[in-house]
A.B. asks: 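Before I ask anything, here is the structure I am working with.
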Amino acid sequence: MASIKKFQVTFDCAEPERLARFWCEVLGYVVPPPPEGFATWGDFKRSLPPEKQDAWFARSDPSGVGPRLYFQRVPEGKAAKNRLHLDVRVGTGLVGEERIAALEAECARLVPLGAVHVRTLYDGHDSCIPMQDIEGNEFCID
């Protein structure tokens, strides 16, 4: 049996640090320590050529369980619906009104951060809230 590998989720985006900060708020992620030899990320950034500054930003799960998130600047904008998206799991184990209340509370927390509420899907038992992040990437509150 093959061993399980660690992985990171990479976002192509226009503003890496801004999008990284958004996802930190959504997921409770933190800024990892700066590279060895640098006291701060600002020191590291200033060591790069101007065209490389602000080209990427990374975040990590403070518990070490979740994947690292990597945000890289790309020249092109988002052109179509994502073929892959994140599900932010806040209603695990909940059903009916209790589940939709938990999802709606999370939606209400994320909208002031810049998330867009696309719609609420609820059939009386199961529910999901499709949303978009601050650069239009789709994700679901599940």
Side-chain angles (χ1 to χ4, degrees), residues 1-36 38-48 50-142:
M1 188 164 108
S3 64
I4 296 173
K5 308 282 191 269
K6 290 257 183 194
F7 70 97
Q8 77 177 8
V9 176
T10 300
F11 291 75
D12 290 350
C13 55
E15 298 180 70
E17 185 172 353
R18 181 172 175 255
L19 190 57
R21 290 186 187 287
F22 170 83
W23 280 103
C24 266
E25 291 294 323
V26 172
L27 300 174
Y29 271 40
V30 296
V31 179
E36 191 172 322
F38 295 94
T40 68
W41 278 102
D43 292 343
F44 173 74
K45 191 187 304 187
R46 285 186 291 280
S47 75
L48 300 172
E51 68 275 6
K52 299 282 186 186
Q53 294 177 6
D54 300 317
W56 63 271
F57 219 80
R59 292 290 195 244
S60 59
D61 176 357
S63 72
V65 175
R68 178 178 188 243
L69 302 181
Y70 184 82
F71 303 85
Q72 62 186 6
R73 185 176 56 217
V74 296
E76 68 278 357
K78 184 175 179 310
K81 183 181 182 303
N82 297 11
R83 299 276 314 254
L84 173 78
H85 68 265
L86 302 183
D87 286 342
V88 178
R89 311 289 317 270
V90 299
T92 304
L94 303 176
V95 294
E97 294 296 323
E98 188 179 18
R99 178 179 168 83
I100 193 66
L103 274 56
E104 287 176 339
E106 183 67 358
C107 179
R109 183 181 79 86
L110 300 182
V111 167
L113 300 175
V116 175
H117 177 204
V118 175
R119 67 184 165 278
T120 299
L121 303 172
Y122 180 52
D123 66 6
H125 176 72
D126 200 14
S127 51
C128 175
I129 300 179
M131 299 190 75
Q132 293 177 340
D133 72 15
I134 59 175
E135 288 203 9
N137 299 301
E138 296 87 7
F139 71 97
C140 289
I141 299 174
D142 176 32

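On a predicted model such as this, the values are computed, not experimentally measured, just so you know. The chain is numbered in sequence order, starting from 1.
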A.B. asks: Would you compute the distance between atom SG of C24 and atom CZ of R59 and round it to the nearest 0.5 angstrom?
C.D. replies: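 Answer for the SG-CZ pair, C24 versus R59, is 4.0 Å.
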
A.B. asks: L113: which residues meet the side-chain contact (heavy atoms from CB on, under 4.5 Å) condition with it, sequence neighbours left out?
C.D. replies: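 Applying side-chain contact (heavy atoms from CB on, under 4.5 Å) to L113 gives F22, E25, R109, L110.
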
A.B. asks: Calculate, to the nearest 0.5 Å, the distance between atoms CG and CG belonging to L69 and L19 respectively.
C.D. replies: 9.5 Å

A.B. asks: Would you give me the side-chain donor-acceptor pairs under 3.5 Å for residues 50-57, sequence neighbours excluded?
C.D. replies:
{"unit_1": "Q53", "atom_1": "NE2", "unit_2": "K45", "atom_2": "O", "d": "3.3"}
{"unit_1": "Q53", "atom_1": "NE2", "unit_2": "L48", "atom_2": "O", "d": "3.0"}
{"unit_1": "D54", "atom_1": "OD1", "unit_2": "K45", "atom_2": "NZ", "d": "2.9"}

A.B. asks: Drop me the distance from C13's SG to R73's CZ, to the nearest 0.5 angstrom.
C.D. replies: 9.0 Å

A.B. asks: Roughly how far, to the nearest 0.5 Å, is NE2 of H85 from CG of N82?
C.D. replies: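 NE2 of H85 is found 8.5 Å from CG of N82.
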
A.B. asks: Which pair of heavy atoms, one from E106 and one from V26, lies closest together, and at what distance?
C.D. replies: OE2-O, 4.1 Å

A.B. asks: Not counting sequence neighbours, which residues clear side chain to side chain donor-acceptor pair (under 3.5 Å) with T120? List them please.
C.D. replies: H117

A.B. asks: Under the criterion side chain to side chain contact (heavy atoms under 4.5 Å, CB included), I'd like the reasoning laid out for D142 against V90: C-alpha separation, chi angles, the key distance, then a yes or no.
C.D. replies: CA-CA 6 Å; D142 176 32; V90 299; over 6 Å; no

A.B. asks: Is the shortest side-chain N to carboxylate O distance from E138 to K78 below 4.0 Å?
C.D. replies: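 Yes, this pair counts.
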
A.B. asks: Hey, are D126 and R99 close enough for a salt bridge, meaning a charged N less than 4.0 Å from a carboxylate O?
C.D. replies: yes

A.B. asks: Output, in order, the C-alpha distance, side-chain angles, deciding distance and verdict of side chain to side chain contact (heavy atoms under 4.5 Å, CB included) for V88 and F139.
C.D. replies: CA-CA 7 Å; V88 178; F139 71 97; 3.9 Å; yes

A.B. asks: Do you know the tightest heavy-atom contact between L86 and F11?
C.D. replies: CD1-CZ, 3.7 Å

A.B. asks: Taking ring pair (Phe, Tyr, Trp, His ring centres under 6.0 Å) as the definition, give me every residue that meets it alongside Y122, ordered by chain and number, with sequence neighbours left out.
C.D. replies: none

A.B. asks: What's the verdict on side chain to side chain contact (heavy atoms under 4.5 Å, CB included) for V116 and M131, showing C-alpha distance, side-chain angles and the deciding distance?
C.D. replies: CA-CA 5 Å; V116 175; M131 299 190 75; over 6 Å; no

A.B. asks: Working to the nearest 0.5 angstrom, can you tell me the gap between L103 CG and C128 SG?
C.D. replies: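 Reported to 0.5 Å precision, the distance equals 7.0 Å.
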
A.B. asks: Strictly distance-based, threshold 3.5 Å: is any side-chain N or O of W23 a donor or acceptor partner for the main-chain N or O of G28?
C.D. replies: no

A.B. asks: For N137 and Q132, which I'm curious about, is there any donor-acceptor pair between the side chains at under 3.5 Å?
C.D. replies: no

A.B. asks: Listed by chain and number, what are the ring pair (Phe, Tyr, Trp, His ring centres under 6.0 Å) partners of Y29, not counting sequence neighbours?
C.D. replies: none

A.B. asks: So which atom in I100 and which in S127 form the shortest heavy-atom distance, rounded to 0.1 Å?
C.D. replies: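 In this case the closest contact between I100 and S127 is CD1-CB, 3.6 Å.
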
A.B. asks: Any idea which heavy atoms bring P32 and A58 closest together, and the distance?
C.D. replies: CD-O, 3.4 Å

A.B. asks: What's the separation between atom CG in D12 and atom CZ in F71, rounded to the nearest 0.5 Å?
C.D. replies: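 It is 11.5 Å, given to the nearest 0.5 Å.
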
A.B. asks: Side chain of E135, backbone of E15: donor and acceptor closer than 3.5 Å?
C.D. replies: yes

A.B. asks: Taking only residues two or more places apart in sequence, or in another chain, which ones meet D133 in a salt bridge (charged side-chain N to carboxylate O under 4.0 Å, His left out)?
C.D. replies: none

A.B. asks: Using modelled atom types and a 3.5 Å cut-off, is there a donor and acceptor pairing between side-chain atoms of D61 and backbone atoms of S63?
C.D. replies: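 Answer holds: yes.
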
A.B. asks: So which heavy atom on W41 is nearest to which on P33, and how close?
C.D. replies: CZ2-O, 3.4 Å

